[in-house]
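Here is how names work: the chains are called A, B, and so on, in the same order as the sequence lines, proteins then strands, and each is numbered from 1.
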There are 2 protein chains.
Amino acid sequence: MSYSPAIGTRSLREIMSEAIDQPISAPRFRRYPSETRAAMLIEAGLTCLAKGGITAFTVDNICQEAKASRGLIAHHFGSKDALLAAVYATMYDRLIAVMAPVDAAAPDIVALIEANLAPEIFNPDSLKIWLALWGEIANNAELRAVHRQRYVEFRDTVAKVIAAEAAARGRQVDAGAIAVAFIALSDGLWLEHGIDESMLSREAARASFYAMLEAHLGPIARP
Amino acid sequence: MSYSPAIGTRSLREIMSEAIDQPISAPRFRRYPSETRAAMLIEAGLTCLAKGGITAFTVDNICQEAKASRGLIAHHFGSKDALLAAVYATMYDRLIAVMAPVDAAAPDIVALIEANLAPEIFNPDSLKIWLALWGEIANNAELRAVHRQRYVEFRDTVAKVIAAEAAARGRQVDAGAIAVAFIALSDGLWLEHGIDESMLSREAARASFYAMLEAHLGPIARP
DNA sequence: CTCCTTGTTGAACAAGTGTACAGTAAGATC
DNA sequence: GATCTTACTGTACACTTGTTCAACAAGGAG
């Protein structure tokens, strides 16, 4: 038995109600403000990346994860690539948010290190997402644009803290260069931890951070 | 006008020869020893990864790059994933090959650092390949198996050099832990250099390596 | 030359890809 | 209640995906 699609003024729900001879009251779907739904799709995209890498970042997967229909990504983002760019921006948003306390009135080098080791950042799922995204940067102009903007923003935050610490110690250093090296180390530690958790503990990563910065700034008192 | 396919004992080449009324002497394709063709497919796979990341690692792309037909990957590797695993193993082969001189009778910490900066290793194309592969490790059992084996092999080579250097200096260190940190740093530097070449020069990367190892081993004479 | 092995081709297949779009309906506003 | 905006659905589309497989042919062995 098949039902004909709704025609004219009678909704499918009305027809169905009649056919099964009882009212169907529950709405078939929920409407969200555009921003809310966009955020939901971004979240679903992140989940897909964490679960299966860039290969699993498909319209079908994402919409299923978000419990929405296939058309929604196009409606809210225009294209899948635009959603991917939004996903990447979200990752940087969160990274920078964790750094925010560090960037406060009193820059604190220990807080910088500990922020990098925070569970929101230093965890395999999060890393899998970074990894999937990094692998796409070279092949995706939209992603590259986001990267260029956000990376510089992030680097400058780190450089500021390092420069402040160096000034407080009366040391002359190239804070920008050290910031890049620090980020490189951070990325590398995330990488090892993300690929094989057992290979590199948080404690080992912490030691690397301190050793690296002490080489440039002198002894740092650990908390 | 269309030609019927070859039937019975007459080859398509014979029929074509007759049709255009002149001999066709050039073979339609070349046969290679299995190993040779496998190597060609691996090379083509590497090229695809460098050009377009894991998304470009498709049967069509690879076979086109290798100037072969679609069926060849299945014939030589069984599946696309098996080829990917072989590609990954090849990357480690080459990395370990560059390290080989380091691992010789007289382990040399400077040679270790310089090997990591060698143009065969420290270049954006090579990094794009690593990046694409790393992003897949978590989602691909075959790849994970290769990683587990080769990474340990590689780490032990690095640890050996560090341990020897530490012994020569009479220092007590955890060479394995330092090796992991060293590899993490190395990966991170490759990453920055590969994503945006202008962000991190070879010279800056060199400085990071020396600072990192000097923190553990004391002053190192630079070449 | 005539086998014979096996590397190679290319079409066929089902399943999955992103996008377009016409139509549906939720829920705020009046 | 009626009206309207727009979030949302779901199908259709053209195309790409990896794998299978029967047939072809290169090139060495005899």
Fill in: Base versus backbone protein contacts along nucleotides 6-11 of chain D [heavy-atom cut-off under 4.0 Å; B, S, -]
BBBBBB
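Salt bridge B:R150/B:D93: present, at least one basic N to carboxylate O contact under 4.0 Å.
Taking atom CD1 of residue B:I73 and atom C1' of nucleotide D:dC21, one finds them 17 Å apart after rounding to whole Å. Distance, B:E35 CD to C:dT8 P: 13 Å, rounded to whole Å. At whole-Å resolution of the value, CZ in B:F77 and C1' in D:dG18 are 16 Å apart. We find that CG of B:D81 is positioned 12 Å from C1' of D:dT19, with the value rounded to whole Å. Rounding to whole angstrom units, NZ of residue A:K80 and C1' of C:dA20 are separated by 17 Å.
Near DNA chain C, meaning a heavy atom under 4.0 Å away, the residues from residues 38-63 of chain A are A:F57, A:T58, A:V59, A:D60.
Here the closest non-hydrogen pair linking A:N116 and A:S186 is OD1-OG, 2.7 Å. When all heavy atoms are compared, the tightest approach of B:A66 to B:M40 is CB-O, 4.4 Å.
Counting only N and O atoms by type, the side chains of A:S198 and A:D196 include a donor and acceptor under 3.5 Å apart. B:E120 and B:S126 form no side-chain donor-acceptor contact under 3.5 Å, judged by distance and modelled atom types alone.
Base engagement by B:A74 is indicated by at least one non-hydrogen atom pair under 4.0 Å involving a base atom.
Residue A:E153 qualifies as enclosed at atom CD: its count of foreign heavy atoms under 6.0 Å is above 12.
The distance from the CG atom of A:L191 to the CG atom of A:L200 is 10.0 Å, given to the nearest 0.5 Å.
Here B:F182 pairs with B:F209 under the ring-ring contact (aromatic ring centres under 6.0 Å, His included) rule; sequence neighbours left out.
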